[in-house]
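The structure appears right after this line, and notes come after that.
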Amino acid sequence: MSIDLSTSRPEESVPAEERSVSTGTTGTTATTGTTGATAGAGPSARSAPTRHPHDDAPDSATDFARLAALEEGPERDAVRGELTKAWLPMAHRIAGRFRDRGENIEDLRQVAAVGLVKAIDRFDPSRGAFESYAVPTITGEVKRHFRDRMWALRVPRRVQELRNKVRIARRDLAMNPGAPEPTTAEIAAHAGLTEDEVSAGMEAMESFSTLSLDAELSSADDNYSLADTLGDLDSSYDIVVDREAAKEGLRRLPERERNILYMRFFEDMTQNRIADQLGISQMHVSRLITRSCARVRDEALGAQARPGRGDADGRTGAA
């Protein structure tokens, strides 16, 4: 039976090919001709097009099947590049979940892209949908980046795991309204750790980021930085300065006096042994050591030598 639909809607809004409607005993079927769509009798008969959970999840099952069938070569690299480009928005979306955690978003997107490439290379099309495999792979890559690259002070992985357990235990214990700050013993009992392990985990929680030595510790007019509170005088610097100052004076000493000073202060020989070795008296050795040390000390301290004093000392030392 042919029904004219001009009474239900304006003539100009009804295409000519839709004006012929065939009715059956169980329902009404309208053929649209150019569109080839079939409509049921009720409003729910029109089914919505199937959509992915996210707009950045393209339908690329054919490309993955093709990638799996190709051997290494330019064609496979081209297909791999197309898949990477198609799924890159999803990688960027996953990277966005980790923003505001101390890392630049562009760096996070680069890490997520690395995870995407790994997922494409390892994906087996026969195991299911790519998205269900790629999401945990990319997420794991970003988490590894935070674990291995974001610590300002590098700590062992075991300590990092203790940090995570302590952090979760503290969060669980603090969920009750009005609950006080959990003690080390409470955290240890809740997490199944020893108190020493809890202490190590809590120390690691402070190691993820560091405080600059230039950080101001006081807001008063006499503000000072962290570096002003650290360090102490090192006496070794004075020894280095004294040695450098004495070098030039030691070079100017006669060879015999240099040898006497070396045997006395570096080989720890007594004055008697030095005297026996040089064939002179112990008293002479004592006078030479005293005079040589005084000369080196005067030059090191920048004392003005009296005219002719150096020549006299040199002649006496050579005698």
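Numbers here are sequence positions counted from 1.
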Check the pair E203, R163 against salt bridge (Lys or Arg N to Asp or Glu O under 4.0 Å), reporting the backbone distance first and the verdict last. CA-CA 8 Å; E203 290 178 1; R163 169 186 175 269; over 6 Å; no
For Y262, which residues count as a ring-ring contact (aromatic ring centres under 6.0 Å, His included) partner, sequence neighbours excluded? F266
Same cluster (ILVMFWY, side-chain, under 4.5 Å), V117 and V135: no
Looking at E161 and K165, is there a salt bridge between them, counting it only when a charged N and a carboxylate O are closer than 4.0 Å? no
Salt bridge or not for E71 and R76, using N-O below 4.0 Å? no
Step-by-step side chain to side chain contact (heavy atoms under 4.5 Å, CB included) determination, I138 to M90: CA-CA 10 Å; I138 297 172; M90 183 194 69; 3.7 Å; yes
Can you find a side-chain donor-acceptor pair between E257 and S292 that sits under 3.5 Å? yes
Just verifying a value: how many Å separate R170 CZ and M175 CE, rounded to the nearest 0.5 Å? 15.0 Å
Minimal non-hydrogen separation, E131 against P136, with atom names: O-CD, 4.4 Å
L162 and A200 have their tightest heavy-atom pair at CD1-CB, 4.3 Å
Distance-minimising heavy-atom pair for Q282 and A275: N-CB, 3.7 Å
Donor-acceptor under 3.5 Å (R258 side chain, L253 main chain): yes
Could you please spell out the steps behind the side chain to side chain contact (heavy atoms under 4.5 Å, CB included) verdict for I289 and F265? CA-CA 10 Å; I289 292 175; F265 296 106; 4.2 Å; yes
Closer than 4.0 angstrom, basic N to acidic O: yes or no for K85 and E82? no
L261 and I280: same hydrophobic cluster, using ILVMFWY side-chain contacts below 4.5 Å? yes
Let me confirm one number: the CD-CD distance from E299 to E248, rounded to the nearest 0.5 Å. 8.0 Å
Going through the checks in order, is the side chain to side chain contact (heavy atoms under 4.5 Å, CB included) test met by L193 and V166? CA-CA 9 Å; L193 303 172; V166 170; 4.2 Å; yes
If only atom types and distance count, is the side chain of S60 paired as donor or acceptor with the main-chain N or O of D63 below 3.5 Å? no
In terms of heavy-atom contacts, does CZ of R287 have more than 12 from other residues, nucleotides or ligands at under 6.0 Å? yes
Take I120 and F130, measure what side chain to side chain contact (heavy atoms under 4.5 Å, CB included) needs, and give me the verdict at the end. CA-CA 8 Å; I120 291 175; F130 175 70; 3.7 Å; yes
If you look at every heavy atom in F146 and L108, which pair is closest and at what distance? CE1-CD2, 3.6 Å
Surrounding CZ of R273 (heavy atoms of other residues, nucleotides or ligands, distance under 6.0 Å), is the total greater than 12? no
Calculate, to the nearest 0.5 Å, the distance between atoms CD1 and CZ belonging to I94 and R97 respectively. 5.0 Å
Would you find more than 12 non-hydrogen atoms of other residues, nucleotides or ligands less than 6.0 Å from E267 atom CD? yes
By salt bridge (Lys or Arg N to Asp or Glu O under 4.0 Å), which residues pair with R122, not counting sequence neighbours? none
Backbone N/O of T183 and side chain of E186: donor-acceptor pair under 3.5 Å: yes
CG (D172) and CZ (R167) are apart, to the nearest 0.5 Å, by 10.5 Å
What are the two closest heavy atoms between P182 and I187, and how far apart are they? CB-CG1, 4.0 Å
Hey, any chance Y133 and V114 share a hydrophobic cluster, counting ILVMFWY side chains that come within less than 4.5 Å of each other, even indirectly? no
H92 side, atom NE2; R109 side, atom CZ - distance, nearest 0.5 Å: 5.5 Å
I'd like to check T139 versus F98 (side-chain heavy atoms, cut-off strictly below 4.5 Å). Are they in contact? yes
Mind checking whether F64 and W87 have parallel, tilted or perpendicular rings, split at 30° and 60°? tilted
Do the non-hydrogen side-chain atoms of R144 and V111 ever get within less than 4.5 Å of each other? no
R66 and E75: CA distance, side-chain angles, deciding distance, salt bridge (Lys or Arg N to Asp or Glu O under 4.0 Å) verdict: CA-CA 10 Å; R66 181 184 172 196; E75 185 178 359; 3.3 Å; yes
Considering all heavy atoms, the nearest A95-A112 contact: CB-CB, 3.9 Å
Distance col, row L67:CG vs D121:CG, nearest 0.5 angstrom, shows 7.5 Å
So, T194 and D196: side-chain donor and acceptor under 3.5 Å apart, yes or no? no
